[in-house]
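Everything below concerns the one structure shown next.
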Amino acid sequence: MRVSKVLKAICGFTREVVILAVEVTGGPRWRLVVDVRPKRRRRGRCGRCGQPASWLDNGGGPRRWRHVDAGFATVELVAVARRVDCGGCGPTVAAVPWARHNSSFTRAFEDLVVHDAIVGNKQAAADRYGISWRAVNNACLRVAEEALGRVDLLEGLVAVAIDEVKYKKGHRYLTVVCDHMTGRVIWAAKGRSKDTVGEFFDALGERAADLQFVTADGATWITDVVAERAPEAIVCLDTFHVIGWATTALDEVRRVEWNRLRQAGRANAAKEFKGLRFLLRRNWENLTSAQRGVIRDLEGVNRRTFRAWQLKEELRDIFALPLPAARRALDDWLAYASRSKLAPFVKLARTIRRYRASIEATIEWRLTNESASHCASC
Ligand SMILES: [Zn+2]
């Protein structure tokens with residue numbers, strides 16, 4: 001039997017790999033250095049995107065890849081890393097059958113390292129193979145990226161949340177889509193416009209017909225596109241955002257009252273009032289008993305602000321009720337808010353009436369973007 005055939009079996013090479021030479025060096029730990037090349041083709045493939053591309057040059061000459069150990073010997077592959085000129089990516093190292101792009105490990109070795117890192121931990125894997133933690137981490141990233149490319153995240157979607165996320169200190173926006181069933185982010189793109197949402201539906205294609213629920217924050221740049229591209233889907237208005245509107249309304253009432261106190265020359269009372277802002281925004285169950293006392297006292301100190309606070313808290317309670325009870329409670333709430341003589345809440349009642357069908361769908365199906373776990377904007 002020929003040595004190259006034995007070597008091929010030990011190293012697990014496919015027919016794509018041609019062995020040119022082999023050398024054994026060192027000790028006490030032996031190194032098996034195998035010179036290889038990929039099987040010749042008329043055209044190479046881009047290492048980055050995998051598309052066929054024309055040959056460019058021999059790049060930086062020979063490169064080394066650590067391969068799976070053979071018994072007691074460390075195995076290294078050596079090959080000339082030829083370059084191709086890819087139409088999409090420009091000049092780059094050609095794809096080789098034994099390794100992922102930009103790795104100094106072979107694919108088989110990398111898979112082993114990542115497996116050990118996952119069942120154990122990255123440091124243990126690093127120690128086991130005598131490589132750095134960073135090298136293990138990079139291997140994990142490459143394998144994860146490859147796996148993500150294989151898994152179609154848009155497959156089998158039934159309920160999604162569409163939301164915006166601020167970044168760069170709130171000056172830029174991302175549109176983010178989450179799968180309600182898994183809570184995973186499945187799509188994201190820069191911008192927040194009808195076009196951005198349209199791009200998501202472009203990627204989804206015919207599968208948009210399978211969407212049954214879409215939750216959103218009521219922004220027309222989302223709901224208009226959903227109505228057009230997934231007309232069968234029930235649009236749920238995220239109650240989390242509705243509570244956000246109520247909190248904003250409460251804050252407006254508080255500010256008006258604060259200005260009134262200040263203009264009336266009651267500086268001390270106004271100062272105390274300003275400190276209330278964060279207390280009022282908090283949920284009742286998250287307040288300490290001393291903080292609850294402050295809010296109870298508010299009833300005597302400033303009735304208008306207290307009423308506004310009550311309206312916000314009542315709305316939160318309504319969203320936790322079963323649908324028939326929530327419908328009745330919402331009727332009462334709307335009537336009360338409309339007659340409250342608190343302008344921000346009169347306006348909020350109008351908005352809620354407009355979105356009522358979507359709000360009730362949310363209560364019925366219990367889907368909120370909060371349950372999809374992100375919403376960095378709130
Ligand atoms: Zn390419």
Side-chain angles (χ1 to χ4, degrees), residues 11-20 34-68 75-115 117-118 131-132 134-155 157 167-168 172 174-177 184-191 195-196 198-207:
C11 293
F13 290 151
T14 60
R15 291 171 59 196
E16 302 287 289
V17 183
V18 179
I19 297 172
L20 300 172
V34 189
D35 283 343
V36 291
R37 67 166 170 82
K39 208 163 198 174
R40 287 261 186 269
R41 284 205 189 81
R42 234 163 16 93
R43 300 182 79 192
R45 278 181 183 275
C46 170
R48 217 167 280 168
C49 69
Q51 292 301 312
S54 52
W55 293 112
L56 184 65
D57 57 21
N58 279 347
R63 267 178 56 182
R64 287 169 180 269
W65 289 265
R66 167 100 181 254
H67 191 41
V68 181
V75 180
E76 263 180 19
L77 307 192
V78 179
V80 173
R82 299 185 73 185
R83 296 199 308 161
V84 289
D85 191 10
C86 172
C89 314
T92 184
V93 176
V96 288
W98 56 81
R100 295 185 176 89
H101 191 59
N102 255 339
S103 176
S104 55
F105 301 146
T106 65
R107 183 176 283 274
F109 180 71
E110 203 159 64
D111 288 350
L112 212 60
V113 169
V114 171
H115 173 266
I118 290 167
I131 55 180
S132 68
R134 181 185 284 272
V136 176
N137 194 48
N138 286 339
C140 290
L141 290 177
R142 277 189 295 272
V143 172
E145 198 177 316
E146 189 180 74
L148 275 177
R150 242 188 343 247
V151 178
D152 187 351
L153 293 170
L154 302 184
E155 201 53 55
L157 291 177
Y167 69 108
K168 291 225 165 155
R172 300 270 172 80
L174 282 179
T175 297
V176 178
V177 184
R184 281 193 308 179
V185 172
I186 45 147
W187 192 89
K190 284 182 183 174
D195 288 346
T196 321
E199 280 170 36
F200 166 68
F201 281 101
D202 289 344
L204 201 58
E206 287 179 352
R207 293 172 291 190

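One-based numbering, in listed order, for ligands and for the atoms of each.
Note on ring orientation: taking the six-membered ring where Trp is involved, the planes of His67 and Phe13 are parallel (angle under 30°, cut-offs 30° and 60°).
Of all protein atoms, those that are N, O or S and lie under 2.8 Å from the Zn ion (ligand 1) total 4.
Counting only distance, with no hydrogens or angles, the side chain of Arg45 and the backbone of Gly50 share a donor-acceptor pair below 3.5 Å.
Dense packing is recorded around CD of Glu16, with more than 12 heavy atoms of other residues, nucleotides or ligands lying under 6.0 Å away. Around the CZ atom of Arg172, the shell of radius 6.0 Å holds no more than 12 heavy atoms that belong to other residues, nucleotides or ligands.
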Exercise for the section: I would like to know whether Val93 and Arg82 meet side-chain contact (heavy atoms from CB on, under 4.5 Å); could you show each step before the answer? Expected result: CA-CA 6 Å; Val93 176; Arg82 299 185 73 185; over 6 Å; no
Handout entry: Criterion side-chain contact (heavy atoms from CB on, under 4.5 Å) on Ile131 and Phe105, from CA distance to verdict
Key = CA-CA 11 Å; Ile131 55 180; Phe105 301 146; 3.8 Å; yes
